[in-house]
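Only one structure is covered here, and it is reproduced in the block below.
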Amino acid sequence: MSMWGSALVGGFSRLGSFDHARKIFEQMTARNAVSMNGLMVGLVRQKRGEEAVEVFKETRHLVDINIDSYVILLSACAEFALLDGGRRKGREVHGHAIRTGLNDAKVSVGNGLINMYAKCGDIDHARSVFGLMVDKDLVSWNSMISGLDQNKCFEDAVKSYNSMRKSGLIPSNFALISVLSSCASLGCILLGQQTHGEGIKLGLDLDVSVSNTLLALYAETGRLAECQKVFSWMLERDQVSWNTVIGAVADSGASVSEAVEVFLEMMRAGWSPNRVTFINLLATVSSLSTSKLIHQIHALILKYNVKDDNAIENALLACYGKSGEMENCEEIFF
DNA sequence: TTAGGGTTAG
């Protein structure tokens, strides 16, 4: 058991069979950091950050914790960083990292701290960790740039991206996504197009998520034709790509049937709609006075089981309210 | 060998 135990624990935990993984862990005679880390990773991937922290608390005395345990612990805190408990725990881990010299020992600890603070909305601390890091790798820059973007410091995200380039680092898909997202928020199409060009040169436009961000950039700056051009050139598309284009068509003021046509194409291509799809779709349909289409979409919402959702309920209410069907409004409410 | 960056809507 001790030989295979760690691999089994990690394997089951990552597959989402956490209870099973935990049982094996408890039966192990020689528990180690790898098995404990495996347990935590499984929970973090399921967005169960608080439980991962609990596992750390309960098992830290049983095993020889390694540096990676702290990095995983930081990502667990980042999962619930917007809650008081997550913020408190994150700061506590930082304090511990400073006392034990961990934050200087490994780049990944610094990277984890930047990410954790950025997710807490504490961008000042994220910046100061980044500034104090002696060694920075690509992930350090990516974490900083995405943190700035997520905290709405769009201009600084662009500046940071340029600094990274000046330092001779070649941007990866992650940095490109964050900086393109900032360009879109700034409404800065020139910078966006320039970055798009860089992405093509680096071959990063082949990444689905990079292309998705380009779709959003062109959609948000009112360039539907550019958006559709990028979409048509995409070799690979995912649910986000389709949702973004549906949203772009809906926002462009095109006819309802055009947005519905993209939606049908999405379905024909074998993709299932999700809550974002329906929110985008209902936004267009709400301008209609005829209710047949609304009923059809409502049926699909029930079929795909996304009905227990406030945003969807509100969008449906808006549609039925406008079409004057108050009985259906009541049905959604009660 | 376990970890640390990401895109759609609101």
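Quantities reported herein were computed from a predicted structural model and do not represent experimental measurements. Because only heavy atoms are used, hydrogens play no part in the values below, and waters and symmetry mates are left out as well, while side chains stay in. Each chain gets a letter, A, B and so on, in the order the sequences are listed, and its residues count up from 1.
Legend: salt bridge (charged side-chain N to carboxylate O under 4.0 Å, His left out) pairs involving residues 252-272 of chain A, not counting sequence neighbours, sorted by first then second residue: A:E261-A:R268.
Taking A:F231 as the reference, A:W242 meet the ring pair (Phe, Tyr, Trp, His ring centres under 6.0 Å) condition, with sequence neighbours excluded. Every residue was checked against the ring pair (Phe, Tyr, Trp, His ring centres under 6.0 Å) condition with A:F263, not counting sequence neighbours, and none meets it. A:Y161 meets the ring pair (Phe, Tyr, Trp, His ring centres under 6.0 Å) test with no other residue; sequence neighbours excluded.
The aromatic rings of A:F278 and A:Y304 are tilted relative to each other, their planes meeting at an angle between 30° and 60°.
The other residues sharing a hydrophobic cluster with A:L206 are A:L235, where clustering joins ILVMFWY side chains under 4.5 Å apart.
The CE atom of A:M40 sits 10 Å away from the P atom of B:dG4 (whole-angstrom rounding). As a whole-Å value, the separation of A:M116 CE from B:dG4 C1' is 12 Å.
Residue A:N310 is classed as having no contact, given no heavy-atom separation below 4.0 Å to the nucleic acid. Note on A:R237: nothing from the nucleic acid sits closer than 4.0 angstrom, heavy atoms only.
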Sugar-phosphate or base contact per nucleotide [nucleotides 5-10 of chain B; S, B, -; heavy atom under 4.0 Å] | BBBBB-
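With its glycosidic angle within 90° of 0, B:dG5 adopts the syn conformation.
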